[in-house]
Number of protein chains: 2
Amino acid sequence: MKQGSDLQTLVGYRVQQANLLMETDARAALGDFDLSPAKMTALILIRDNPGCDQTALGRALSINRSSAMKLVNILADKGLVERRPGRDLRTNALALLPEGARQLETMLAAVRQSDARMTQRLSADELATLHGLLVRLGPASAAPDDDS
Amino acid sequence: MKQGSDLQTLVGYRVQQANLLMETDARAALGDFDLSPAKMTALILIRDNPGCDQTALGRALSINRSSAMKLVNILADKGLVERRPGRDLRTNALALLPEGARQLETMLAAVRQSDARMTQRLSADELATLHGLLVRLGPASAAPDDDS
DNA sequence: TATTGTTATACTCTATAACTATA
DNA sequence: TATAGTTATAGAGTATAACAATA
């Protein structure tokens, strides 16, 4: 199956292919946990931002409130995460439970191994270069950190 | 929302974030056409591989026969693509219709513009480097082109 | 036996819209 | 008025399992 120059020259296509490759392997590495890479990301975010609310979690994951709700339901049903009273009577404060912390460590080990395997043909310098280039993708004025 | 080092150090996470950025913009650029970037990719593949069958198309898109079927249905319903008799009585030969070729050209212009905008902070050399690095992602022996 | 297309069905992920409670 | 959570509903995209026709 030929992939003409139209696809090859689109950076977006290249990135998509790379993402498919990486995500498929990470998903397989998480096979035992019945959790997708995105759900593992959610656990990491909750662990590193204890007490955050669902809307903030959704924003960090680029999904909306309603989708974040479903996600938290799944993690809570599995006993990995808990909703606690928040700063408001409106907001929840999300917390990673001990069982969630345990499972997350094991998942992270598996995903790190997958990540290392999929990047093993690149040197540390090359990985740093890749990182630096990926971070610079985006429209002209991507407001690196506008705290005005 | 803090993103601790666990996420930052995973290449897969970086690539996923980059893909989200690129795909979102490409999707917006295609807004007038009611076609996703993936469907545009399918049109390109059919154009560049006239007479290919649905299974081959699916393989190139990393989806299975059944999903490829649905995809071709949508493209055919829009009058962009046609199923013609194939080399077998089992297989279809997919063909891009004139209307599909016309629309594809316009879509490509829009997506190329999006791609250029999202990569404008990288020089031509840097884009070549990025391309070279992304292509080398994958497991050790990714069988570049095993025609044995 | 193996393969292609097809169909029915279901699952995952996400979104929109509307509602409630709170601010 | 605005925001957080919630619920119901819907859509896109994908997969599995089965079947018929053909190879």
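Naming: A, B, ... by sequence-line order, numbering from 1 per chain.
The separation between L61(A) atom CG and dT12(C) atom C1' is 15 Å, rounded to whole Å. Distance Q54(A) CD to dT22(C) P: 16 Å, rounded to the nearest Å. When the P atom of dC13(C) is taken as reference, atom CD of Q16(B) falls 13 Å away, rounded to whole Å. Rounded to an integer number of Å, the gap from CG of L35(B) to C1' of dG13(D) is 14 Å. Whole-Å rounding puts the R27(B) CZ to dT14(C) C1' distance at 11 Å.
Heavy atoms from other residues, nucleotides or ligands lying under 6.0 Å from CD of Q113(B) number 12 at most.
Taking hydrophobic clusters as Ile, Leu, Val, Met, Phe, Trp and Tyr residues chained together by side-chain heavy-atom distances below 4.5 Å, L7(A) shares a cluster with L30(B). Criterion: ILVMFWY side-chain heavy atoms under 4.5 Å apart, direct or through other members. Under it, L20(A) and L45(B) are not part of a common hydrophobic cluster.
Shown here for R121(B) and E126(B), the closest heavy-atom pair between the two residues is O-OE1, 3.9 Å.
Residue S36(A) has a polar side-chain atom (N or O) positioned under 4.0 Å from OP1 or OP2 of dC13(C).
The salt bridge (Lys or Arg N to Asp or Glu O under 4.0 Å) search around D77(B) returns none, not counting sequence neighbours.
Counted by atom type alone, Q54(A) and N92(A) present one or more donor-acceptor pairs between their side chains at under 3.5 Å.
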Legend entry - side chain to side chain contact (heavy atoms under 4.5 Å, CB included) evaluation trace for E99(B) with Q103(B): CA-CA 6 Å; E99(B) 176 60 18; Q103(B) 285 200 30; 3.0 Å; yes

Inset, instruction - Could you give me the CA-CA distance, side-chain angles and deciding distance for K78(A) and L35(A), then say whether side chain to side chain contact (heavy atoms under 4.5 Å, CB included) is met? - result: CA-CA 10 Å; K78(A) 288 180 182 293; L35(A) 284 180; 3.7 Å; yes

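DNA chain C contains the following stems of three or more consecutive Watson-Crick or G-U pairs, with both distances under 3.5 Å: C:1-23 with D:1-23.
Of the residues in residues 63-95 of chain B, those with a non-hydrogen atom less than 4.0 angstrom from any atom of DNA chain C are R65(B), S66(B), M69(B), K70(B), R83(B), R90(B), T91(B), N92(B).
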